[in-house]
Protein chains: 2
Amino acid sequence: MACMSPQLDNTFHALADPTRRAILSMLLEDDMAVTDVAEPFEMSLTAISKHLGILSRAGLISQERRGRVKWCKLEPDALRDASIWMQSFGQFEAVNLDAFEKFLAAELSSGDAASGEDG
Amino acid sequence: MACMSPQLDNTFHALADPTRRAILSMLLEDDMAVTDVAEPFEMSLTAISKHLGILSRAGLISQERRGRVKWCKLEPDALRDASIWMQSFGQFEAVNLDAFEKFLAAELSSGDAASGEDG
DNA sequence: GGCATATTCAACCAAATGGTTGACGAACGA
DNA sequence: TCGTTCGTCAACCATTTGGTTGAATATGCC
């Protein structure tokens, strides 16, 4: 079942926290260093670093170290997958899920063959 | 900030659990009683009842008691809100509905009348 | 009334979460 | 080299989570 995907677990869990959603919003504007991400929050740098780790594990952002600075970059693909899953409910109420899963598989395999569905 | 919405918190948190997503999938087919929802899971009825409570608080389902039986019904509106939030990250091809419809059409024509899938 | 069915409540538990602080390593610049 | 900045690690803490069990509350049926 597509709904069992641990990737969806990670994505939705990452999105369930307002701090993390705010971080994503910030990264929408531009790539940022960890310290700069943390700046507007009343929270320790460590806490933000953990949030970024969660976003990164979920594939929602990527992080690249350049010198001392670690740059954070929005990676919308994971969001896209989750969005597609959601739209199967929001708009395709009457639609056959099997067909939709096949569609997803075809879509995903054309981009990322490694994503273990049905795990 | 739109990303701070506690409604989004609830929605995404509810979606972050594979059991709850599976429940939503089941409800996609038809309304169900709590006991029937619980049946396929290797988990106590109480646990399922809690999951349904979480889905209900998130607005993803509604529950209506008729006699002894409490019927659970999918409520796609909350999903739509979250989906809209995700689309605000518009960097990904806003879920390709056209592609999916074409896919469906292709499926139907290749499978011909053999599709017993029934909408 | 009395018993079965449907669902929730209360109490409990282990594990995970989101946060803290202090110490640490790695990279920069004077 | 020395101090500063950037970021993570380790340990800890309170709260929440997802699950259990057993009792309780409705409701329906004979």
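Lettering follows sequence order; numbering is per chain, from 1.
Hydrophobic cluster membership for Ile54(B): none, as no Ile, Leu, Val, Met, Phe, Trp or Tyr side chain comes under 4.5 Å of it.
Residues satisfying the side-chain contact (heavy atoms from CB on, under 4.5 Å) criterion with Ser49(A), sequence neighbours excluded, are absent altogether. Every residue two or more places apart in sequence or in another chain was checked for a side-chain contact (heavy atoms from CB on, under 4.5 Å) with Glu39(B), and none qualifies. A search for side-chain hydrogen bond (donor to acceptor under 3.5 Å, both in side chains) contacts involving Ser62(B) returns Glu75(B), not counting sequence neighbours. In this view, Asp30(B) satisfies the side-chain contact (heavy atoms from CB on, under 4.5 Å) rule with no residue, not counting sequence neighbours. With sequence neighbours excluded, the residues satisfying side-chain hydrogen bond (donor to acceptor under 3.5 Å, both in side chains) with His51(B) are Arg20(B).
At whole-Å resolution of the value, CG in Asp17(B) and P in dT16(D) are 18 Å apart. If you take CZ of Arg66(A) and P of dG7(D), they are 12 Å apart, rounded to a whole angstrom.
Listed by first and then second residue, the salt bridge (charged side-chain N to carboxylate O under 4.0 Å, His left out) pairs that reach into residues 40-66 of chain B are Glu64(B)-Arg66(B), sequence neighbours excluded.
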Produce the list of close N/O pairs, under 3.5 Å, pairing protein atoms with atoms of nucleotides 13-16 of chain C; give distances to one decimal.
none

Close N or O pairs between protein and nucleotides 13-15 of chain D (under 3.5 Å):
none

**Message:** At under 4.0 Å between heavy atoms, how does the protein contact nucleotides 1-10 of chain C? Give one character per nucleotide, 5' to 3', with B, S or -.
**Reply:** ---BBSBBBB

